Amino acid sequence: MALPTMSSILDLSLNTQSTRSPEESHEAWEQCKDAGRKLPEYKVVVLGASGVGKSALTIQMTHHCFVKEHDPTVQDSYWKEVALDNGGYILKQRLPLVLVGNKCDLVTSGDADTATAILARKWRVPFVKTSAKTRQGVEEAFALIVHEIQRAQEAVTETNRNKTHQHKAVCSCGCSVA
């Protein structure tokens, strides 16, 4: 797979895109490092059934190309079904999540889109249709998950701030006691 000659940098906080040569990108990165600033790093997990285009979507986002033939990743090769005693999900806390419907370039029935939109509303998460082949919605999907992560981080910060203020008491002289 040949990588593109121009790199595209997506500023997810501003949802803007600038195209730079690899040399310009490297120079910008070096300036950022030299200035002592660190770019935020977000770790994203892409989950889905075998063959839905998880790798193709990720490759399209990172390398701006579509791979027609792809060897399945290790995760596609090994799996095991697990039954939980309580019948619930393993993760109980609300995590940043975006529901992505890939392969929207293919003709499908409207029933699938309707069912997915209903599921997204039920889960209270954003839903975006994408095509790793045509690049439709790819950057939007990744930008949405970054915004969901940022929103979750802000909520945790706000919760911690509120807990800190709740534990303070005022003594009879008026000073604040932790």
Side-chain angles (χ1 to χ4, degrees), residues 1-4 6-20 39-159:
M1 167 180 63
L3 295 179
M6 297 292 280
S7 65
S8 180
I9 298 174
L10 176 65
D11 182 344
L12 294 172
S13 63
L14 300 175
N15 203 18
T16 60
Q17 182 178 355
S18 65
T19 304
R20 301 178 179 171
L39 295 175
E41 181 177 291
Y42 298 98
K43 295 181 181 183
V44 175
V45 178
V46 181
L47 300 172
S50 180
V52 297
K54 300 175 298 291
S55 295
L57 197 63
T58 304
I59 291 168
Q60 182 60 264
M61 178 62 188
T62 57
H63 297 299
H64 291 257
C65 61
F66 178 68
V67 180
K68 289 182 182 179
E69 295 183 20
H70 171 69
D71 290 330
T73 53
V74 172
Q75 291 83 355
D76 290 338
S77 302
Y78 304 98
W79 62 276
K80 179 179 178 174
E81 192 171 319
V82 177
L84 301 175
D85 291 337
N86 62 1
Y89 293 108
I90 294 171
L91 299 171
K92 298 293 185 184
Q93 87 183 74
R94 176 131 162 61
L95 298 174
L97 180 70
V98 172
L99 191 57
V100 176
N102 196 26
K103 302 186 181 185
C104 71
D105 55 298
L106 301 177
V107 178
T108 59
S109 71
D111 294 342
D113 288 343
T114 302
T116 308
I118 290 170
L119 183 61
R121 279 195 299 276
K122 179 181 175 185
W123 287 355
R124 292 177 287 168
V125 299
F127 167 56
V128 61
K129 293 185 204 178
T130 64
S131 169
K133 186 174 186 178
T134 67
R135 198 164 171 75
Q136 178 185 337
V138 172
E139 291 189 14
E140 179 186 357
F142 283 92
L144 277 170
I145 191 59
V146 168
H147 288 289
E148 290 295 308
I149 292 168
Q150 291 171 338
R151 193 173 299 140
Q153 289 172 339
E154 289 168 4
V156 168
T157 301
E158 185 63 29
T159 300

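Small disclaimer: the values here were computed from a predicted structure and weren't measured.
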**Prompt:** Applying salt bridge (Lys or Arg N to Asp or Glu O under 4.0 Å), which residue pairs with at least one partner in residues 142-157 are found, sequence neighbours left out?
**Reply:** Glu148-Arg151
**Message:** Which residues pass the salt bridge (charged side-chain N to carboxylate O under 4.0 Å, His left out) test with Glu158, not counting sequence neighbours?
**Reply:** Arg161
**Complete:** Scanning both residues in full, the closest heavy-atom pair of Ala132 with Val138 reads CA-CG2, 4.4 Å
**Prompt:** Taking the side chain as C-beta and beyond, is there a heavy-atom pair between Asn102 and Val52 under 4.5 Å?
**Reply:** no
**Item:** Thr62: side-chain hydrogen bond (donor to acceptor under 3.5 Å, both in side chains) partners, not counting sequence neighbours
**Value:** none
**Item:** Main-chain N/O of Leu47 paired to Lys54 side chain as donor or acceptor, under 3.5 Å
**Value:** no
**Message:** Nearest 0.5 angstrom please: Leu97 CG to Arg124 CZ, how far?
**Reply:** 12.0 Å
**Asked** Which pair of heavy atoms, one from Val44 and one from Ile145, lies closest together, and at what distance?
**Response** CG2-CG2, 4.0 Å
**Message:** Under the salt bridge (Lys or Arg N to Asp or Glu O under 4.0 Å) definition, can you give me all pairs with a residue in residues 102-122, not counting sequence neighbours?
**Reply:** Asp113-Lys129
**Request:** I would like to know whether Phe142 and His147 meet side chain to side chain contact (heavy atoms under 4.5 Å, CB included); could you show each step before the answer?
**Result:** CA-CA 9 Å; Phe142 283 92; His147 288 289; over 6 Å; no
**Asked** Going by the salt bridge (Lys or Arg N to Asp or Glu O under 4.0 Å) test, which pairs reach into residues 40-49, not counting sequence neighbours?
**Response** none
**Request:** Not counting sequence neighbours, which residues clear side-chain contact (heavy atoms from CB on, under 4.5 Å) with Leu99? List them please.
**Result:** Thr116, Leu119, Ala120, Trp123, Val125, Phe127
**Asked** When rounded to the nearest 0.5 angstrom, what distance separates CG in Leu106 from NZ in Lys133?
**Response** 7.0 Å
**Asked** Could you give the distance from CZ (Phe66) to CZ (Arg135), rounded to the nearest 0.5 Å?
**Response** 13.0 Å
**Prompt:** What do the steps show when you test Ile59 against Cys65 for side chain to side chain contact (heavy atoms under 4.5 Å, CB included), and what is the final call?
**Reply:** CA-CA 7 Å; Ile59 291 168; Cys65 61; 4.0 Å; yes
